[in-house]
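Reviewing the structure listed below.
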Amino acid sequence: MTNKTNSIIKIIAGAVAAVLLLGILVVLIQINASLKAQDDTSVATRATDDDVDIVVAYDDESANGDVDEPAVTTAADLGTPEVTTTTAATTAEPETTTEATTSAAATTTTAQTTTAATTTTAPTTSNATSSSNSNYSSATGDFTMDTSGITDIEIDWHSGSVTVIPYSGTTIQVSETSSSTISSSNVLYYTVNKYGELKINFIKANNFSSAGISKDLTVYIPTSMSLDELSIEATSANIVISDAQGTLSVRDLSVETTSGNSTIKGITATEMSADATSGAISISSCTISQELDIEITSGSATIALPSGTGYTLEYETTSGTVTASGSSLKGEGRTTVGTGNLKIDVETTSGNVTITN
């Protein structure tokens, strides 16, 4: 009985031990499965986070106009469809933007080129000086220009004549004529700078195709203009400035000729100067308030002042004579005729100067 009981107890104990061992094994299996599930979730999360970081980084670079090839390759290697789709869309957008920008830039460039060509080559009208963002504007050929902003006129002419005519109009009108054909390379050239100086030249600088051509320039100036300076320099050309009404007023009027004659009539000026080399000067019916300078080399000058005009004359002659109010003066000296603030300075070499009033 005792042996039988012991056998039963051993069997029961073995069964209990087996059950406990099985329970422990089941628990261990469940714990292992739980840990594996957590690891898989963590890996998936990290992979997803990495994918997001790659896409965000690429998007940021695309927005800045930079395409990061390594980022695209990495996203493709991950094999994530969402990343691939996003990358393709993002890449397409910068290409479209670039093409639009390039087209816009090309359009802008074309427009600017057309404007520049018009400004440079076409005869200018009343808006010739309207470009306030540039230092000067220029053009060629005959033109009509509004007087707004113009304070100085400077003319440089070769061979032919220059005639300045004050008139009652409101615009400056400039034209040239010739007995020969005036080609496009021989037309006058003019500029207007930001300081209001209008410069008129016989031809464009460094253009020597005009050899042998003679041209006559005519400039109409409104008498309503308030000119600070009118300056004319001519070679082998005559200068005529004549105001029959005596209504054009200039602060500083100057003419200079080489192998040409100058005639000035009816102009009101604060200061006036006339130089001639191998030429003659004639000044008449002009009102000059402060100073008159005359310089002659191998030429002559005749100055007819308004009746009763007094002046102080300073003169210097070499092989020439200055005649003032009937008195013949040579050498170097100073004399006063009547009373007045006008100062006349005469210098002559191989030439005579006559002053009457």
Side-chain angles (χ1 to χ4, degrees), residues 153 155-167 214 216-221 223 227 229-311 313-317 319-329 337 340 342-357:
I153 299 177
I155 301 172
D156 188 354
W157 207 252
H158 303 273
S159 186
S161 66
V162 177
T163 302
V164 176
I165 303 174
Y167 81 121
S214 176
D216 298 323
L217 177 70
T218 303
V219 180
Y220 285 87
I221 300 177
T223 55
L227 277 176
E229 181 178 357
L230 173 59
S231 174
I232 305 174
E233 183 176 346
T235 302
S236 300
N238 297 324
I239 299 172
V240 176
I241 306 173
S242 181
D243 185 2
Q245 305 300 320
T247 53
L248 179 65
S249 178
V250 182
R251 188 194 66 80
D252 185 359
L253 171 63
S254 65
V255 297
E256 182 178 348
T257 60
T258 299
S259 301
N261 302 324
S262 296
T263 300
I264 306 172
K265 184 177 181 179
I267 304 299
T268 299
T270 302
E271 299 178 4
M272 185 182 296
S273 64
D275 296 355
T277 300
S278 301
I281 297 172
S282 174
I283 299 174
S284 61
S285 303
C286 292
T287 302
I288 308 167
S289 59
Q290 290 186 10
E291 187 171 350
L292 171 62
D293 293 332
I294 303 294
E295 185 173 346
I296 298 293
T297 301
S298 300
S300 62
T302 300
I303 304 166
L305 299 173
S307 178
T309 301
Y311 57 89
L313 171 65
E314 292 187 1
Y315 59 91
E316 181 179 347
T317 68
S319 302
T321 301
V322 176
T323 301
S325 296
S327 300
S328 183
L329 307 170
V337 176
L342 177 60
K343 176 185 176 182
I344 301 177
D345 192 345
V346 174
E347 183 177 343
T348 175
T349 300
S350 300
N352 298 323
V353 177
T354 301
I355 304 173
T356 61
N357 59 352

Roughly how far, to the nearest 0.5 Å, is [atom2] of [Y] from [atom1] of [X]?
| X | Y | atom1 | atom2 | answer |
| --- | --- | --- | --- | --- |
| Asp275 | Thr257 | CG | OG1 | 8.0 Å |
| Glu229 | Ser254 | CD | OG | 5.5 Å |
| Ile294 | Ile281 | CD1 | CD1 | 5.0 Å |
| Ile232 | Thr163 | CD1 | OG1 | 9.0 Å |
| Asp156 | Ser231 | CG | OG | 9.0 Å |

| side-chain hydrogen bond (donor to acceptor under 3.5 Å, both in side chains) partners of Ser161, counting only residues at least two apart |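 For Ser161 the side-chain hydrogen bond (donor to acceptor under 3.5 Å, both in side chains) partners, ignoring immediate neighbours, are Asp216.
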| message | Run the side-chain hydrogen bond (donor to acceptor under 3.5 Å, both in side chains) test against Ser300 and tell me which residues pass, sequence neighbours left out. | response |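 Expected list: none.
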pair [X]-[Y]: side-chain heavy atoms closer than 4.5 Å:
| X | Y | answer |
| --- | --- | --- |
| Leu227 | Ile221 | yes |
| Leu329 | Val346 | no |
| Asn352 | Thr323 | no |

Partner of [X] under side-chain contact (heavy atoms from CB on, under 4.5 Å), chosen from [options]:
| X | options | result |
| --- | --- | --- |
| Lys343 | Glu314, Glu271, Gln290 | Glu314 |
| Thr268 | Thr247, Thr287, Val250, Asp243 | Thr287 |
| Ile267 | Leu230, Val164, Leu248 | Leu248 |

If you take all heavy atoms of [X] and [Y], which pair is closest and at what distance?
| X | Y | answer |
| --- | --- | --- |
| Ile288 | Thr270 | CG2-O, 3.9 Å |
| Ile283 | Cys286 | CG2-SG, 4.0 Å |
| Ala324 | Leu313 | CB-CD2, 3.9 Å |
| Asn357 | Ser325 | OD1-OG, 4.1 Å |
| Ser159 | Ala237 | N-CB, 3.9 Å |

| query | Can any side-chain N or O of Asp345 pair as donor or acceptor with the backbone N or O of Asp293 at less than 3.5 Å? | reply |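 Checking the backbone N and O of Asp293 against the side chain of Asp345, no donor-acceptor pair under 3.5 Å is found.
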| query | Donor-acceptor pair, Asn261 side chain versus Asn238 backbone, under 3.5 Å? | reply |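 Not a single qualifying donor-acceptor pair exists.
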| message | Around atom OH of Tyr220, are there more than 12 heavy atoms from other residues, nucleotides or ligands closer than 6.0 Å? | response |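 Counting neighbours around OH of Tyr220, 12 or fewer heavy atoms of other residues, nucleotides or ligands fall under 6.0 Å, so no.
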| query | Is there a side-chain contact (heavy atoms from CB on, under 4.5 Å) between Tyr311 and Ile355 once you walk through the steps? | reply | CA-CA 11 Å; Tyr311 57 89; Ile355 304 173; 3.7 Å; yes
| field | Derivation of the side-chain contact (heavy atoms from CB on, under 4.5 Å) call for Ile239 and Ile155 | value | CA-CA 11 Å; Ile239 299 172; Ile155 301 172; over 6 Å; no
| request: Before giving the answer on side-chain contact (heavy atoms from CB on, under 4.5 Å), spell out for Ile264 and Met272 the whole-Å C-alpha distance, their side-chain angles and the decisive distance to 0.1 Å. | output: CA-CA 10 Å; Ile264 306 172; Met272 185 182 296; 4.2 Å; yes
